[in-house]
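This report refers to the structure that appears directly beneath it.
Predicted model, so just to flag it, every value in this text is computed and none were measured.
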Amino acid sequence: QVRLVQSGGGLVQAGGSLSLSCAASGPTFSIYVMGWFRQAPGKEREFVAAINWSGSSTRYEDSVKGRFTISRDNAKKTVFLQMNSLKPEDTAVYYCAADRAPLGVVLTHQYEYHYWGQGTQVTVSS
């Protein structure tokens, strides 16, 4: 029904920037809340950022506030994650996720999302 395809990962030096994108196909994309999660080796998957359907409300994990920016373009059915001032501890596989939600709601828990992208590797060298 809803498919999410990610792109934009890679290798970057500490202090650098990367941009991730997640393109969706399927119905009713504009009413979906969308988020980003990440999973580092040997660690649990954790919340990174989320955005409501209109882009008017966002949430960020504390460690990425001021460095990462989530945005969306509903016409292109795409959500983005701009990552600046990257640190080695940001190294992880990053996953985008989507689910239906009320207009102003942002979801921050993995179990709240039904649709997931395939994941993309982000590696930050020191």
Side-chain angles (χ1 to χ4, degrees):
Q1 186 178 6
V2 176
R3 299 180 184 273
L4 306 177
V5 179
Q6 301 177 219
S7 63
L11 174 66
V12 67
Q13 289 185 297
S17 298
L18 282 174
S19 181
L20 307 181
S21 65
C22 176
S25 62
T28 327
F29 180 81
S30 63
I31 66 170
Y32 282 76
V33 63
M34 301 195 72
W36 291 92
F37 293 76
R38 66 187 180 186
Q39 187 167 22
K43 301 183 69 175
E44 299 289 333
R45 187 174 299 184
E46 66 175 356
F47 170 75
V48 176
I51 187 168
N52 74 336
W53 77 273
S54 69
S56 62
S57 181
T58 58
R59 301 275 178 86
Y60 295 93
E61 193 272 326
D62 287 343
S63 69
V64 308
K65 287 181 179 177
R67 301 189 299 120
F68 290 10
T69 301
I70 187 171
S71 61
R72 66 190 296 164
D73 184 338
N74 289 343
K76 297 181 178 180
K77 298 184 177 181
T78 303
V79 63
F80 306 92
L81 185 67
Q82 178 64 47
M83 303 182 292
N84 300 323
S85 301
L86 283 162
K87 305 174 181 179
E89 51 263 44
D90 294 319
T91 295
V93 176
Y94 283 70
Y95 298 88
C96 68
D99 212 331
R100 296 180 178 86
L103 297 180
V105 171
V106 178
L107 306 178
T108 61
H109 297 91
Q110 180 177 345
Y111 68 84
E112 296 174 311
Y113 288 87
H114 186 71
Y115 305 104
W116 291 86
Q118 81 279 15
T120 186
Q121 178 70 46
V122 171
T123 302
V124 184
S125 62
S126 59

(message) Between T78 and K76 (side chain of the first, backbone of the second, donor and acceptor by atom type, cut-off under 3.5 Å), is there such a pair?
(response) yes
(request) Kindly indicate whether the side chain of R38, heavy atoms from C-beta on, has any atom under 4.5 Å from the side chain of L81. (result) no
(request) Evaluate the ring planes of F37 and F47, with Trp represented by its six-membered ring, and classify them as parallel (under 30°), tilted (30 to 60°) or perpendicular (over 60°). (result) perpendicular
(request) Could you grab the distance from atom CZ of R72 to atom OG1 of T58, nearest 0.5 Å is fine? (result) 12.0 Å
(request) Calculate, to the nearest 0.5 Å, the distance between atoms CZ and CD1 belonging to F80 and I51 respectively. (result) 10.5 Å
(message) A side-chain contact here means heavy atoms from C-beta on lying under 4.5 Å apart; do L4 and M34 qualify?
(response) yes
(request) Could you tell me which non-hydrogen atom of S17 sits nearest to which non-hydrogen atom of N84, and how far apart they are? (result) OG-OD1, 2.8 Å
(request) Could you please spell out the steps behind the side chain to side chain contact (heavy atoms under 4.5 Å, CB included) verdict for W36 and Q6? (result) CA-CA 11 Å; W36 291 92; Q6 301 177 219; 3.7 Å; yes
(message) Could you tell me if the side chain of Y60 sits less than 4.5 Å from the side chain of I70, heavy atoms only?
(response) yes
(request) Flag the pair Q110 / Y95 as yes when at least one side-chain heavy-atom distance between them is below 4.5 Å, and no otherwise. (result) no
(request) Kindly indicate whether the side chain of Y32, heavy atoms from C-beta on, has any atom under 4.5 Å from the side chain of V79. (result) no
(request) Please check if V122 and L11 belong to a single hydrophobic cluster, counting links between Ile, Leu, Val, Met, Phe, Trp and Tyr side chain heavy atoms closer than 4.5 Å. (result) no
(message) Would you compute the distance between atom CG of D90 and atom OG1 of T123 and round it to the nearest 0.5 angstrom?
(response) 11.0 Å
(message) Can you classify the ring geometry of Y94 versus F68 as parallel (below 30°), tilted (30 to 60°) or perpendicular (above 60°)?
(response) tilted
(message) What's the separation between atom CD in Q118 and atom OG in S7, rounded to the nearest 0.5 Å?
(response) 8.5 Å
(message) Working to the nearest 0.5 angstrom, can you tell me the gap between L20 CG and C96 SG?
(response) 9.0 Å
(request) Side-chain contact test, heavy atoms from C-beta onward, threshold under 4.5 Å: evaluate it for R67 versus M83 and give yes or no. (result) no
(request) Evaluate the side-chain proximity of T91 to Q121: yes if any heavy-atom separation is below 4.5 Å, no if none is. (result) yes
(message) Can you confirm whether R45 is buried at CZ, in the sense that more than 12 heavy atoms of other residues, nucleotides or ligands lie under 6.0 Å from that atom?
(response) yes
(message) Quick check: do K77 and S25 have side-chain heavy atoms less than 4.5 Å from each other?
(response) no
(request) Output the distance between atom NZ (K87) and atom OG (S126), rounded to the nearest 0.5 Å. (result) 14.0 Å
(request) Considering non-hydrogen atoms only, spot the tightest contact between A101 and V33 and give its length. (result) CB-CG1, 3.8 Å
(request) Indicate if W116 and V106 have the same hydrophobic cluster label, given that clusters are the connected sets of ILVMFWY residues with side-chain heavy-atom separations under 4.5 angstrom. (result) no
